[in-house]
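The following block contains the structure, expressed as C-alpha cells.
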Amino acid sequence: MERKKSFVNWDPVDGTVLANEQVIDGKGWRSGAPVERRELSQWFFKITDEAEDLLAALDDGRLDGWPDNVKLMQKNWIGKSKGLKMSFPLVGGDVHGYAAIDIFTTRPDTLFGASFIGLSPDHPLVKSFAASDPKLQKFIDECQKIGTSEEAIEKADKKGYRLPIEVTHPLIEGETLSVWVANFILIQYGTGAIFACPAHDQRDLDFARKYDLPVRPVVLPKGADPKTWDVDEEAFVGDGTLFNSKFLDGLSVDDALSKIIEYMESKGLGESTTTWRLRDWGISRQRYWGCPIPIIHCPKCDIVPVPTNDLPVKLPDEADFSKPGNPLDRHPTWKHVKCPKCGEDATRETDTFDTFVDSSWYFARFAAPSDQAPTNPEEANYWLPVDQYIGGIEHAILHLLYARYFTRMMKACGHVNIEEPFRNLFTQGMVTHATFKDTQGQWLFPEDVIAKDDGFVHAKTGEPVTVGPIEKMSKSKKNVVSPEMIADSYGADAARWFMLSDSPPERDVEWTDSGVEGAWRLINRVWDMIEPQAELLREKADTQTFADTDQDLRRATHSAIKGVSDDIAHFRFNKAIARLYEFIGFLRKSAALSGNTAPTQPALAEAFSALIRLIAPFTPHLAEESWAHLGGDGLVCNAPWPSYDEGLLATETIILPIQINGKKRAELHIAPDASKDMIEQQALSNEAVKRHIAGKTIAKLIIVPGRIVNIVL
RNA sequence: GCCCCUGUGGCGGAAUUGGUAGACGCGCUGGAUUCAAAAUCCAGUUCUUUCGGGAGUGUCCGUUCGAGUCGGACCAGGGGCACCA
C-alpha cells in the first residue's frame, strides 16, 4: 500500500468527489456545475508490482479454465509494451531546470518522422511555464474540465498550446522540433511526454493537421510508390518498409525497431524500457459506505497504522447525509483519536476502501464464515480455488483482475496458498430490459409504465413515456423486474425455466412476459401428463421385460438422457430445455396410445422416471411433486441421475442429403453403415438426381459416408 | 477514441471437426372443442415462384466440390475504459 497523488472529478459547487458515472457531459449530476480535475492524496495498492505475474498466468496454463476473450482483455489491459526512453535536448540550454525532455515511445522506428514534442498538461515542466503565463494556465484549466476517464480524454477534441521552446532532433543534424502541450497525452503513461510522428499515428495526425505541423512519412506500405505515396487524413499504422530514415531504410517495422533501439543504446542516447498500461489500484473513496481505511494521521508520528487489536475500525452509527461530501470527514467525534504510538491527539483517515476490495477476497472468507480472524488458512486451502466462478462479462477486467491480485497478496500474508482464485470462469450474460423515462427525464420502473396506442404512458399520471434502449438491468436506470413479482405471478419454476430456455447463458436475456407465460404452460402440460399416471413407479415389474413396441419410446428416453446430460455439463441449458420439449412431446403421444401399439408399463415407468429427474434441476418444485405423485423413492433431489444405454440409440436408417454442384437436390434413406459403392449406386439411380444430371457428365463425385454426397458437373 | 464480443425467419435462438440452414420455444394463421370466450388440443408458418425452380445467415470480396462456420475490408449493436459495482 502506498500514498500518492491522483486525479479525481471535483464538483466545485457541491464540494465533493464524483464518480465518472456521475459526470454527465462534463457536469456534476446533482449540481450541474462543470466538473474539474483535481489532485488528491489517495491510498493505492501497488498492483503494478504484480503486473508481470498477472500477465504470465494468462498464458502459462494457470488459467486454462478461463474464456479466451477475458484473458485477452486482461492482457491488453495490463498492456506490457517494450519501447524506448530517450531525450530531446532543449535548444539554448536549461529552462526551469530542464536540459532536455524525456519521452517514451513504442514506435522508435518512426523517429525520423518526428514532427513535434507533446507534453501532458499535467507535466511538471508545463506547470513551471504556467506560473508566469496566464494564457497557458487558462489552457491547462480548460484541459482539466475534460474529466478523468480515459474515454472522455480520448474523445475530446485535440487541443494544443505551443510552448516558447524548441528541442533538437538527436539524429538529424540541425533539425529542431516545436514543443506543445497537448490534451490527449496522459501523465500516467510513460513519461507524460511523447514525440509525435503524425504520418503513423492517428492522434498525432489529427493534431498536426489542426496546427499545421509537418507530416513526414517514414513507413511505406507494401507495393506503394515512394515517390507518390503520401498520408492524407488517415495515418498508416500497418507494417511496411522504412524510407526517409537514413540507416533504417529498407527494413521492416520489426527489424527497424530492434535496430534503432540497439543503436540508441549503443550511443548512450536512449534506453530500452518496458512500460505497462496497468496503473496502481486507487482504493480511497470519500464516502461513508465502505470499510474505513485503518490509518491514523498523527501530527508528530505522521502515518500510523491502526494496531491489530483495534481492528476492524467500525463506522459511526450516526452520520449526517444532509450535505454533499464525506460524512466521516465532518463527523463531530469519530475521527478524533489518540495516536497509538505517542498518545497525542491525532485523527483517523476518513477515506473508506473501494468496495472492490471486499469483493476481492469474500470467497476466502466464505471458507470459514464464523472465524474471528479474516480467514482460516486450513479451511481456505481445503476449499480454494473456486472450482467454478460465474459472473457477468462486465467484470472481465476490474473485479477479476483485482481478485487475482488480492489472492497473490493473501498468499504472501499466509492466508491462502494459491495465486489464482478461480479455476474455471464462466461469463454469463446479463438480464436486460427496455428503459423508460418520464417527461422530466427521470427513470421509471417498468411496472409504472403501461402500453397505450402505439406508445407508452405512466400508469398513474397518464403522461407520455419515452422508451430508451434495452440495457442491462440496473438500479440507477430502474429497468428492473423484481424476482418476488415474477415468483408471485408464475412461480419460481416458470421463471427459472424461461430464463434458462431463452438464450445461451453467456448471452444477454431480454426479460419478456410472454416468455414466462410459455414456461408456465409447459409446467402445466407436464403436470397434466403426470397426473393420470399416479403410482406408476410403485408397480415394480418383477422382470424388466420390454415389448417390440417399446423401441421408439425407449430410444427417445435414452437419447434425451444422453443429450440433456451432455448439454448441462457444457452449460448449454437452452439446448437441454429444447431437448426436453421434444421428449415431453413424444412422451405425451406415447402415453396416450392404447391397444397393441401402447408402450408397456416398464417402458413408461422408465420414461417418466427419467423425465422427472431430467427436469429436476430446472423445475425442482414440479419435479418433487411429480416424483411423490408417481410413488418414487424418497426425494428426487436425492435420486441418482439417470444413465443411458448407448445400444438403444442406434437407428436403422439415416437420411443422406445429395447435392449437385453444392445445392441440395435429393435425399437418400440408407443404412448408417452403407458402403461408398452402395451410396454411389443408389444416389445415381435416384429420380431427382437423374433429372438434374441428364445430358451432363459428372466431373467429380464426393461421398462422405454418414454426411453427404456431392455431385459436381 | 481504444480493447473485447455479437449479428441467422415477425421475435428468442438451433446447426460436433466446413457437409440437409431455421431444431426447440414465442408470436401469427387455420381447424377442433364451446351458446360464446378464455384455456386446451390438432395442423401450418424463411421469402419468392409460371410449382420446374430461384433467393437467403448484417454488407462487399475471397478460399473450397461445398461457407452461418475459414480469411480480408466495412457497417450496426452490446460490454469495458480504472470513482456504478
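Throughout, a chain's letter reflects where its sequence line sits, starting with A, and its residues are numbered from 1. Computed from a predicted model, the values in this text were never measured in an experiment.
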Whole angstrom value for the distance that separates P of B:rC11 from CZ of A:Phe498: 16 Å
Pairing nucleotide - B:rA85, Watson-Crick or G-U, each distance under 3.5 Å: none
Separation of atom CG in A:Leu58 from atom P in B:rC3, rounded to whole Å: 18 Å
Protein-to-nucleotide contact annotation, 5' to 3' order, nucleotides 79-85 of chain B [B base; S sugar-phosphate only; - none; under 4.0 Å, heavy atom]: BSBBBBB
Heavy-atom closest pair, residues A:Pro705 and A:Ile679: CA-CD1, 4.3 Å
C1'-based separation of B:rC3 from B:rG66 [nearest Å]: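 To the nearest whole Å, 36 Å.
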Watson-Crick or G-U counterpart of B:rA36, or none if no pair lies under 3.5 Å: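 Paired with no nucleotide.
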Donor-acceptor side-chain pairing of A:Trp66 and A:Gln74 below 3.5 angstrom: no
Interatomic distance where CG belongs to A:Leu522 and C1' belongs to B:rC41 [whole Å]: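 That distance rounds to 15 Å.
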Any pair counted as salt bridge (Lys or Arg N to Asp or Glu O under 4.0 Å), so long as it reaches residues 6-21 of chain A, sequence neighbours left out: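 Found none.
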Side chain of A:Ile655 - closest among B:rG19, B:rC24, B:rU20: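 The nucleotide sitting nearest to the side chain is B:rU20.
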For B:rG52, glycosidic torsion class - syn if within 90° of 0, otherwise anti: syn
Shortest non-hydrogen separation from A:Asn76 to A:Arg277 and the atoms involved: O-NE, 3.5 Å
Atom-pair distance (CD on A:Gln188; P on B:rC2), nearest Å: 19 Å
Check: A:Ser284/A:Asp351 side-chain N/O donor and acceptor closer than 3.5 Å: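 Yes, side-chain donor-acceptor contact under 3.5 Å.
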Shortest non-hydrogen contact from A:Leu649 toward A:Arg555: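 Closest approach of A:Leu649 to A:Arg555: O-CD, 3.8 Å.
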Nearest-Å distance once atom P is located in both B:rU6 and B:rG25: 27 Å
Whole angstrom value for the distance that separates P of B:rU20 from CD1 of A:Ile703: 16 Å
RNA chain B-proximal residues of residues 569-579 of chain A, any heavy atom under 4.0 Å: A:Asn574, A:Lys575, A:Ala578
Complementary nucleotide of B:rA21, counting Watson-Crick and G-U pairs under 3.5 Å: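 Because no pair has both required distances under 3.5 Å, B:rA21 counts as unpaired.
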More than 12 heavy atoms of other groups within 6.0 Å of A:Lys696 NZ: no
Distance in angstrom units between A:Lys664 NZ and B:rU20 C1', rounded: 5 Å
Ring pair (Phe, Tyr, Trp, His ring centres under 6.0 Å) involving A:Phe571 - partner list, sequence neighbours excluded: A:Phe426, A:Phe573
Whole-Å distance separating the OH atom of A:Tyr189 from the C1' atom of B:rC2: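 Taking OH of A:Tyr189 and C1' of B:rC2, I get 12 Å after rounding.
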Distance-only polar pair, side chains of A:Gln202 and A:Asp206, donor-acceptor under 3.5 Å: yes
Flag side-chain contact, heavy atom, 4.5 Å: A:Thr619 against A:Leu522: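 Result no, sub-4.5 Å side-chain heavy-atom pair not found.
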Nearest-Å distance once atom P is located in both B:rU16 and B:rG22: 13 Å
Base paired to B:rC41 (Watson-Crick or G-U; both N/O distances under 3.5 angstrom):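 Across all strands, the one nucleotide that pairs with B:rC41 is B:rG31.
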Between B:rU57 and B:rG13 - C1' atom distance, rounded Å: 13 Å
Gap in Å between the two C1' atoms, one belonging to B:rU69 and one to B:rU20, rounded: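 Taking atom C1' in both B:rU69 and B:rU20, they lie 15 Å apart.
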Paired nucleotide for B:rU6 [Watson-Crick or G-U wobble; both distances under 3.5 Å]: B:rA76
Nearest-nucleotide comparison on RNA chain B, the residue closer to the 5′ end among A:Ala519 and A:Ile708: A:Ile708
Sugar-phosphate, base or nothing in reach of A:Glu667, heavy atoms under 4.0 Å: base
Nearest atoms (heavy-atom pairs only) where A:Ile146 meets A:Ala156: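 Result for this residue pair: CD1-CB, 3.9 Å.
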Nucleotide-resolved protein contact map, nucleotides 52-68 of chain B, B/S/- at heavy-atom distance under 4.0 Å: SSSS---------BS--
Base partner of B:rU63, which must satisfy Watson-Crick or wobble distances under 3.5 Å: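 In the structure as shown, B:rU63 has no Watson-Crick or wobble partner.
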Distance between P atoms of B:rG19 and B:rC26 (Å, rounded): 29 Å
Contact list for residues 521-533 of chain A, test salt bridge (Lys or Arg N to Asp or Glu O under 4.0 Å), sequence neighbours left out: none
For B:rG9, glycosidic torsion class - syn if within 90° of 0, otherwise anti: syn
Distance in angstrom units between A:Glu517 CD and B:rU40 C1', rounded: 15 Å
cation_pi(A:Lys158, A:Phe184) dist<6.0 Å, angle<=45: yes
Phosphate OP1/OP2 of B:rG25 contacted by A:Arg521 side-chain N/O (<4.0 Å):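 Result: no.
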